[in-house]
Each structure stands twice: as C-alpha cells, then as structure tokens.
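Have a look at the structure below, then the notes.
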2 protein chains.
Amino acid sequence: MATPDAPQRSNDGTVGKALEILDRVAEYGRPVRFAELLADSSHPKATLYRLLQTLTNQGMLCFDDLQQTYAPGLRLVRLAHTAWRQSSLAPIARPHLDALSTSVGETIHLAQLDQGQVLYVDKRNARTPIEMFSQAGKVGPGYCTGVGKAIIAHLDQDAREDAIRRQAFFQHTPHTLATETAFRDELESIRADGVAFDREEHEPGIICIAAPILSTKGRVMGALSITSSTRRQSLESLTSLRPLLLKTANDIAETAESWQFPT
Amino acid sequence: MATPDAPQRSNDGTVGKALEILDRVAEYGRPVRFAELLADSSHPKATLYRLLQTLTNQGMLCFDDLQQTYAPGLRLVRLAHTAWRQSSLAPIARPHLDALSTSVGETIHLAQLDQGQVLYVDKRNARTPIEMFSQAGKVGPGYCTGVGKAIIAHLDQDAREDAIRRQAFFQHTPHTLATETAFRDELESIRADGVAFDREEHEPGIICIAAPILSTKGRVMGALSITSSTRRQSLESLTSLRPLLLKTANDIAETAESWQFPT
DNA sequence: GAAACTGGTTTCATTATTTGGAACTCAAGA
DNA sequence: TCTTGAGTTCCAAATAATGAAACCAGTTTC
C-alpha cells in the first residue's frame with residue numbers, strides 16, 4: 001500500500017535524522033533491506049548504515065539476521081504503552097465510546113492530531129463490520145477524513161496554519177478536497193456548523209459524521225466520528241445522529257477536564 | 001509504582017542519550033516537570049533542555065504548555081502500531097491464544113524479550129475484548145517471571161549471557177531467585193524440563209506455568225504462560241495443563257514459521 | 001577459474017554538532 | 001524591593017557525525 005500522505009518535519013540534529021529513518025522503516029509496513037532504504041534515502045551509505053546500527057542497538061529497530069531486514073522494534077511497543085495511557089484521550093473516553101457504540105451500532109473512531117495527520121487512538125466496530133483502513137494506532141490524512149477536518153477546523157490560528165502546511169492534498173477519490181483553498185473553505189463551514197462530514201473523500205463508499213472534542217476553553221483535544229458506508233446510510237441519516245454524537249463528544253471533554261493524573 | 005528493574009543499555013551517541021531520556025520520561029508513568037527530570041539526570045541543564053526540545057519537536061514527547069510537563073508523545077503510538085504488527089508474535093498467535101483461553105479459562109500471557117526484560121505483547125483475561133495498547137506493551141523483569149525464565153533459558157550462549165547481564169535481581173518476594181547463580185541453576189533445569197514455573201517469585205500468591213515458543217531451528221521467539229493465583233490453583237494443578245500449553249506454543253511456532261510477509 | 005559485481009561493513013581525516021558553564025529572563029514569594 | 005528558583009539562551013571548546021573511499025565476502029558472469 002502506497003502512502004501518499006507524508007507529513008513534513010523540521011530536521012533537528014542527529015536525533016531528527018535517526019527518527020526520520022525510523023519513520024521510514026515503519027512506513028514500509030514490512031521488513032526492509034538495507035539496500036532498499038539506501039535507495040530512497042538522501043544519506044550516503046555509511047551514514048545510513050551507522051544510523052540503522054544505532055537504532056537497532058537501541059531496540060527501536062529490530063534486525064532479522066537471517067533475512068537481513070529491518071523492522072520497527074519492540075521497544076516502541078513498550079514506549080507506546082505509556083504514551084497511549086497518558087497522552088491520548090482513549091483511556092478516558094472508553095466508557096463513552098462503549099455507550100455510543102451500543103446505541104448506534106456503527107463504526108466509531110476516536111482520533112487525535114499528530115503532526116498534521118490523524119491518529120486513531122481507539123475504535124469500536126460496527127455490528128456488521130465493514131472492511132476499511134483504520135485500527136487503533138493507525139494514521140490517516142488530515143484533510144480528507146471527518147475527524148481530521150473536525151480537529152483542524154477548530155485549531156487556533158497558528159496551529160491550524162501549521163496543520164494545513166503539513167497536508168499532502170492527494171486526490172484519493174473524486175470527492176477529495178485536494179486543494180488548499182477548497183480545504184480552507186470547508187474548514188470555515190465546519191467551524192460554523194460544528195460538525196464535519198466525510199463525503200467519500202478518502203475512500204469511495206465510506207461516509208462519516210465527526211465532531212470535535214473541545215475543552216471548556218475551546219481547545220480541540222481530538223475528534224469523534226460515526227462511520228458508515230453508502231450502502232447502509234446516507235449523509236442525511238447520519239445527520240440524525242448528530243445530537244448524540246455531540247453529546248458524547250461533550251461528555252468526553254468533561255471527563256477529560258475533570259481528570260487529574262494520580263500524583 | 002516503583003521500578004526496581006531497570007535495564008542497562010550501551011550508550012551510543014546523541015541518539016542514545018535522547019532515547020534514554022525518552023525512556024526516563026516514560027518511566028514516570030505520569031506527566032513530569034523539567035526540574036524533576038533534571039534532578040535525576042546526569043546531564044547539565046542546557047543539554048537536557050535541548051534534548052527535550054528536540055524530542056518534543058519530533059513528537060516523541062508531548063509538552064503540556066499549561067502544566068509545563070512532558071509526557072510520551074503520540075508519534076510513539078503510531079510507530080508502535082507497525083512494530084506490533086510486524087515484529088511481534090501477537091497478530092500471528094491471536095487465534096491460538098483465543099483457543100487456549102476459552103479452554104483453560106485462566107489468564108494467558110504472550111511475551112517476548114526486549115533488552116533483557118519481558119514485554120507482554122498480548123494477553124487474555126477471562127473475558128476481555130480486544131484492545132491493543134491498554135494491555136499489550138507492559139514490561140516485567142526477566143529473572144522472576146515464568147515467561148522471562150522460559151525465554152532466557154532457551155536463548156543461545158551469547159544472547160543468554162547478555163540477558164543475564166541485564167537483570168537487576170531485585171528481591172520482589174521471599175521466593176525470588178535474586179542471585180545470578182541461583183538464576184543460572186534455574187535456567188539449567190528449565191532447559192532440561194522444557195517449561196518454566198513462577199513460584200510466587202514476582203508477586204506473592206501469583207503462580208504460573210510458561211513454555212517457550214521455539215522455531216524449528218531452536219530459536220526462541222517468545223513465550224506463553226498460563227497464570228493463576230494460589231487460591232485457585234496449585235503448581236501441581238497447573239502442571240496438568242502442560243501438554244495443552246506446549247501444544248499451543250508449538251502451534252504458534254508453526255504458524256509463525258509458515259508466515260511470509262506480503263511482499 | 002578468473003574477473004566483475006553486488007550488498008554490506010569499516011576506516012579516517014574533515015566537518016558540523018553537541019556540550020555545558022555561565023549569564024540572563026521572568027515570575028512568584030518574602 | 002529583594003530573593004529565589006525554574007526555565008531559556010550564549011558561545012568557545014570538546015566531541016561526535018560525516019562520507020569518500022577502501023575493504024570484504026559471497027555471487028554471478030565471462
């Protein structure tokens with residue numbers, strides 16, 4: 001699977017480079033050989049080699065001696081465990097997602113913004129699950145998903161500009177808003193309306209309604225969406241779920257705000 | 001919760017330092033202030049500061065402007081998603097775990113070795129829905145858990161010595177094998193026997209039987225355990241599950257070996 | 001069977017980055 | 001107002017990263 005939506009990141013120092021490589025390896029989604037990495041890397045052989053060594057040494061990558069391939073290492077899983085618990089809305093939102101899930105019976109996504117992209121931090125499957133791209137931990141583009149648009153629309157000026165700058169604007173489907181101006185207009189109307197729709201903009205036949213999760217001070221913490229397919233629902237029928245969606249988003253926000261980490 | 005079992009890692013370069021700090025932050029298990037980190041860090045203020053900046057900038061850490069605290073960042077969750085899918089036995093072993101779980105009705109752990117420590121990559125409780133990072137990603141010591149001992153016992157010479165060197169040998173309970181020699185003897189007998197037991201060595205009242213997951217070439221890929229409490233089971237009654245446990249471990253190994261990543 | 005090739009690893013002088021002591025800023029508290 | 005402490009910035013010295021080229025297997029080709 002190709003990944004046309006890569007985020008850009010300012011390159012700070014050696015760690016920056018190392019982490020860029022780490023990302024690169026992860027992007028492949030399969031074990032990858034040294035030569036392959038070298039091919040689409042701007043670094044000279046020796047540099048790449050040493051960087052990979054270091055990462056492997058550190059357990060961030062794991063090297064398969066037999067196949068001579070690199071893959072993301074288990075140390076990441078360990079680190080992510082804490083990250084997920086502390087920095088994501090998922091643990092807090094769980095009961096609310098459960099409730100919403102049982103009452104609507106469609107696929108539910110909880111997502112947060114990570115470097116301009118959408119990161120799904122939790123998910124509930126529909127009663128009749130439909131195959132699609134997303135699981136907890138997966139990422140998606142910001143400009144053509146319901147959650148992405150809902151979040152970006154409600155960011156403050158600076159953060160929003162930054163997020164927009166990071167979009168790749170790849171035309172996934174005929175409905176994708178693939179230009180910056182179209183996207184800006186869309187954000188405007190989303191902010192006015194309060195919810196965002198995905199009108200088959202990312203995957204054909206997949207639609208959703210999404211609401212931002214806003215703190216009392218108006219900061220976006222993430223977004224929540226109800227997803228379905230055009231076979232089962234229309235945009236209109238999804239709209240009827242709007243009050244429930246907004247209520248849940250609000251509940252999550254409230255829980256999150258009253259949540260204090262055990263010191 | 002205190003963490004007496006810290007692994008040691010050879011410090012390579014700047015990335016090494018950065019990643020060490022990342023680990024440090026994660027270890028706290030809660031948002032942490034600059035000053036706290038500075039306190040138990042060997043780095044001077046400026047250095048630590050810049051390293052934190054870089055990590056935050058890279059999304060590996062996230063900084064709470066309001067509270068002025070650092071926590072592991074969401075980028076980790078994203079990376080871990082691929083790591084878990086590619087480098088862990090979890091996705092492959094899932095159906096086998098399910099089967100074992102329903103037939104024994106006790107807690108099941110699937111673990112792999114990460115830098116001398118045990119990393120749980122999947123788990124079954126009596127009845128638990130599938131969620132990823134909430135249960136996968138926890139770590140435990142290698143020298144006093146069933147899975148840890150099962151794995152280390154079956155490592156080859158070099159890797160085993162390395163693993164032993166990384167153990168902290170903290171006396172968790174009266175039954176903990178807290179010396180290197182005692183541990184070596186134990187490994188010997190585990191290798192002879194084929195399964196490992198946790199005789200309340202990590203937590204009082206908790207016992208388990210664990211089996212290594214071995215490739216046909218004899219390489220350990222991980223371990224599988226059935227855990228219970230002394231109230232419900234004895235070591236003897238756990239032993240009766242031995243054939244089933246070994247069978248499952250073997251099944252997982254076979255599935256893993258015949259698994260080829262889609263190229 | 002030798003020669004060229006491929007894919008990976010190592011060397012080493014050059015170069016750029018990291019380092020950390022100290023100075024600075026900005027609040028909050030006495 | 002004066003102190004104190006947390007956080008941030010400076011800059012010369014120390015250190016680590018760089019990358020061209022050499023090297024070292026195994027393979028394939030001639």
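The sequence lines fix the lettering, A, B, ..., with proteins before strands; numbering per chain opens at 1. Only this structure's heavy atoms are used, side chains among them; waters, hydrogens and symmetry mates stay out.
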Collect all protein-nucleotide pairs involving nucleotides 28-30 of chain C in which both atoms are nitrogen or oxygen and the distance is under 3.5 Å.
none

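The closest donor-acceptor contact from the side chain of B:D114 to the backbone of B:Q117 lies at 3.5 Å or more, if one exists at all. Looking at B:E186, its side chain never comes within 3.5 Å of a backbone N or O of B:K149 through a donor-acceptor pair.
Residues A:G116 and A:Q167 come closest through the heavy atom pair O-NE2, 2.9 Å.
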Can you list, pair by pair, the side-chain donor-acceptor contacts under 3.5 Å of residues 34-42 of chain A, counting residues two or more places apart and other chains?
residue : atom : partner : partner atom : Å
A:E36   : OE1  : A:R30   : NH2          : 2.9
A:E36   : OE2  : A:R33   : N            : 3.1
A:D40   : OD1  : A:Y28   : OH           : 3.2
A:D40   : OD2  : A:Y28   : OH           : 2.9
A:S41   : OG   : A:H43   : N            : 2.9

Could you give the side-chain donor-acceptor pairs of residues 153-163 of chain B under 3.5 Å, partners two or more places apart or in another chain?
residue : atom : partner : partner atom : Å
B:H154  : ND1  : B:A150  : O            : 2.9
B:D156  : OD1  : B:D158  : N            : 3.2
B:D156  : OD1  : B:A159  : N            : 3.3
B:R160  : NH1  : B:L155  : O            : 2.8
B:E161  : OE1  : B:R184  : NH2          : 2.8
B:E161  : OE2  : B:R184  : NH1          : 2.9
B:D162  : OD2  : B:R166  : NE           : 3.1

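For residues 48-76 of chain B, every residue pair satisfying the ring-ring contact (aromatic ring centres under 6.0 Å, His included) rule, not counting sequence neighbours, is listed here: B:F63-B:Y70.
At whole-Å resolution of the value, CD in A:Q67 and C1' in C:dG8 are 16 Å apart. One interatomic measurement links the two molecules: CG of B:L48 to P of C:dT18, which rounds to 15 Å at whole-angstrom precision.
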Report, as a single string ordered 5' to 3', how protein heavy atoms within less than 4.0 Å touch nucleotides 5-24 of chain D: B base, S sugar-phosphate only, - not at all.
-> --BBB------SSBBB----
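Summarising the local packing, CZ of A:R24 is surrounded by more than 12 heavy atoms from other residues, nucleotides or ligands at distances under 6.0 Å.
With sequence neighbours left out, the side chain to side chain contact (heavy atoms under 4.5 Å, CB included) criterion links B:S88 to A:L74, B:W84, B:A90, B:P91, B:Q112, B:V121.
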